[in-house]
**Student:** 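My questions will all concern the structure given below.
Reckoned from all heavy atoms, side chains included, excluding hydrogens, waters and symmetry mates. In this chain, residues are counted from 1 in sequence order. For clarity, every value in this text was computed on a predicted model and none was experimentally measured.
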Amino acid sequence: MLLKPNMNWEKNCGIALPTVMANVNPDGEFLQVEFFVEEPLDCFRAEVMEDGGHSWEDSCVEIFIENPANRSEYFNFETTSRGFILAAHGPDRENRSQLDSAQLAKIERTKQLASIIGDFISWSVSIRIPAGIFGLKTFEGVQLRGNLYKCADKAKTPHYLSAFPIETEKPDFHRPEFFDILI
């Protein structure tokens, strides 16, 4: 799945944007999501050094998923290029509960170190989210709705991409009304 910029968002206009491909695969008891990123050096930032940090300020890929066990809430999993993660759940932007360190430790992360090629930097990250985080035993037969994102709010060149369009005036990823079928 190719993530695309919303060109109605002023911050995406007139700049070189990252190229991001993502794969979403349920694997029995895990949901595996892989991101492959190539971005201009001005778009890259890697300063977050711990889980639960301000991941969206760095080069970050994000998975927002409606909870299949409780459709009134959604989860967000925000992973930096270094593999640090912020994860929370709740019904909207204001009412979020962060996952604790024990829950975060159950989320497997694999990263490919960033490599520079000319004026671009390439990196990838894969995360495996256990079904138990959602209150499920397995992902078999489960349809997941959500959206995938790429951002870097504090990069020299901030940018915002999504798998499915978001019809808002400014970048806003906490909009479950724009979720679509991921699998």
**Student:** Can you tell me how far apart CD1 (Ile183) and CG (Leu144) are? Round to the nearest 0.5 Å.
**Tutor:** 4.0 Å
**Student:** Are Leu86 and Ile129 joined in one hydrophobic group, where the rule is that I, L, V, M, F, W and Y side chains link up if heavy atoms are under 4.5 Å apart?
**Tutor:**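 Not linked; separate clusters.
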**Student:** Before giving the answer on side-chain contact (heavy atoms from CB on, under 4.5 Å), spell out for Gln32 and Ser126 the whole-Å C-alpha distance, their side-chain angles and the decisive distance to 0.1 Å.
**Tutor:** CA-CA 7 Å; Gln32 181 163 327; Ser126 173; 3.5 Å; yes
**Student:** If hydrophobic clusters are built from ILVMFWY residues whose side chains come within less than 4.5 Å, do Phe164 and Val20 share one?
**Tutor:** yes
**Student:** Identify whether Trp56 and Val33 are in the same connected component of the hydrophobic contact network (ILVMFWY, side-chain heavy atoms under 4.5 Å).
**Tutor:** no
**Student:** Quick one: do Ile121 and Val48 end up in the same hydrophobic cluster if we chain Ile, Leu, Val, Met, Phe, Trp and Tyr together by side-chain heavy atoms under 4.5 Å apart?
**Tutor:**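 Different clusters: Ile121 never reaches Val48 through Ile, Leu, Val, Met, Phe, Trp or Tyr contacts under 4.5 Å.
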**Student:** Walk me through it: do Leu31 and Ile65 pass the test side-chain contact (heavy atoms from CB on, under 4.5 Å)?
**Tutor:** CA-CA 11 Å; Leu31 175 66; Ile65 301 173; 3.4 Å; yes
**Student:** With side chain to side chain contact (heavy atoms under 4.5 Å, CB included) as the test, pick out the partner of Asn76 among Arg96, Arg93, Glu62, Gln98.
**Tutor:** Arg96
**Student:** Can you measure from CD1 (Ile85) to CD1 (Ile63) and round to the nearest 0.5 angstrom?
**Tutor:** 7.0 Å
**Student:** Should we say atom NZ of Lys4 is surrounded by more than 12 heavy atoms from elsewhere, each under 6.0 Å from it?
**Tutor:**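 Enclosed: over 12 neighbouring heavy atoms sit under 6.0 Å from NZ of Lys4.
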**Student:** Is a side-chain N or O of Arg82 found less than 3.5 angstrom from the main chain of Ala46, in a donor-acceptor match?
**Tutor:**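 Confirmed, Arg82 side chain pairs with Ala46 backbone.
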**Student:** Apart from Phe173 itself, what residues make up its hydrophobic cluster, given side-chain heavy atom links below 4.5 Å?
**Tutor:**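 Once heavy-atom contacts under 4.5 Å are chained together, Phe173 belongs with Trp9, Phe64, Tyr74, Tyr149, Tyr160, Ile166, Phe178, Phe179.
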**Student:** Nearest 0.5 Å, what's the OG-CD distance between Ser55 and Glu50?
**Tutor:**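 The CD atom of Glu50 is 11.5 Å from OG of Ser55, to the nearest 0.5 Å.
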**Student:** So how far is it from Lys11 NZ to Asp153 CG, rounded to the nearest 0.5 Å?
**Tutor:**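 Lys11 NZ to Asp153 CG: 7.0 Å, rounded to 0.5 Å.
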**Student:** Evaluate the side-chain proximity of Ser115 to Ser122: yes if any heavy-atom separation is below 4.5 Å, no if none is.
**Tutor:** yes
**Student:** Taking the side chain as every heavy atom from C-beta outward, state whether Phe77 and Ile133 have any pair of such atoms under 4.5 Å apart.
**Tutor:** yes
**Student:** Hey, is Glu39 close enough to Lys150 for a salt bridge, meaning N to O under 4.0 Å?
**Tutor:** yes
**Student:** Quick one: CE on Met21 to CD on Glu34, what's the gap to the nearest 0.5 Å?
**Tutor:** 11.0 Å
**Student:** When you measure from the side chain of Asn95 to the backbone of Gly90, do you find a donor-acceptor pair of N or O atoms at a distance under 3.5 Å?
**Tutor:** no
**Student:** Per the ring pair (Phe, Tyr, Trp, His ring centres under 6.0 Å) rule, what does the pair list look like for residues 88-107, sequence neighbours excluded?
**Tutor:** Phe75-His89
**Student:** Got a sec: does the CG of Asp180 have more than 12 other heavy atoms crowding it under 6.0 Å?
**Tutor:**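 It does: Asp180 CG has more than 12 such atoms within range.
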**Student:** Got a donor-acceptor contact below 3.5 angstrom from the Asn12 side chain to the His159 backbone?
**Tutor:**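 No, Asn12 side chain to His159 backbone: no donor-acceptor pair under 3.5 Å.
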**Student:** Using modelled atom types and a 3.5 Å cut-off, is there a donor and acceptor pairing between side-chain atoms of Thr79 and backbone atoms of Phe84?
**Tutor:** no
**Student:** Side-chain contact, heavy-atom cut-off 4.5 Å: Glu57 with Arg45?
**Tutor:** yes
**Student:** Please confirm whether the backbone N or O of Thr80 pairs with a side-chain atom of Asp58, one donor and one acceptor, at under 3.5 Å?
**Tutor:**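 No: the side chain of Asp58 does not pair with the backbone of Thr80.
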**Student:** Could you go through Ile127 and Phe35, starting from their C-alpha distance and side-chain angles, then the distance that decides it, and tell me whether this counts as side-chain contact (heavy atoms from CB on, under 4.5 Å)?
**Tutor:** CA-CA 9 Å; Ile127 70 170; Phe35 290 93; 5.8 Å; no
**Student:** List the steps and the verdict of side-chain contact (heavy atoms from CB on, under 4.5 Å) for Val37 and Phe44.
**Tutor:** CA-CA 10 Å; Val37 180; Phe44 185 75; over 6 Å; no
**Student:** Does any N or O in the side chain of Asn67 come within less than 3.5 Å of the main-chain N or O of Ala69, such that one atom is a donor and the other an acceptor?
**Tutor:** yes
**Student:** With rounding to the nearest 0.5 Å, note down the distance linking OG in Ser162 to CG in Leu3.
**Tutor:** 6.5 Å
**Student:** Taking CD in Glu29 as the centre, count heavy atoms belonging to other residues, nucleotides or ligands within less than 6.0 Å. Is the count above 12?
**Tutor:** no
**Student:** Take atom CD of Glu169 as the centre, draw a 6.0 Å sphere, and report whether it contains more than 12 heavy atoms from other residues, nucleotides or ligands.
**Tutor:** no
**Student:** Would you confirm whether Thr138, through its side chain, and Gly28, through its main-chain N or O, come within 3.5 Å as a donor-acceptor pair?
**Tutor:** yes
**Student:** Restricting to non-hydrogen atoms, name the atom on Trp123 and the atom on Gln112 that form the minimum distance, rounded to 0.1 Å.
**Tutor:**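 What the structure gives for the nearest pair is CB-O, 3.9 Å.
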**Student:** Backbone N or O of Phe30 within a donor-acceptor pair of the Asp27 side chain at under 3.5 Å?
**Tutor:** no
**Student:** When you measure from the side chain of Asp42 to the backbone N and O of Thr157, does any donor-acceptor pair fall under 3.5 Å?
**Tutor:**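 Such a contact is absent between Asp42 side chain and Thr157 backbone.
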**Student:** Is there a side-chain contact between Pro68 and Leu136 (heavy atoms, below 4.5 Å)?
**Tutor:** yes
**Student:** Using links of under 4.5 Å between side-chain heavy atoms of ILVMFWY residues, direct or through other members, which residues join Leu17 in one cluster?
**Tutor:** Met7, Ile15
**Student:** Testing the basics here: between Cys43 and Pro18, what is the closest heavy-atom pair and its distance to 0.1 Å?
**Tutor:**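 In terms of heavy atoms, the two residues are closest at SG-CD, 4.1 Å.
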**Student:** Decide whether Phe36 and Leu182 are clustered together by the hydrophobic rule: side chain heavy atoms of Ile, Leu, Val, Met, Phe, Trp, Tyr closer than 4.5 Å, transitively.
**Tutor:**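 In one cluster: no.
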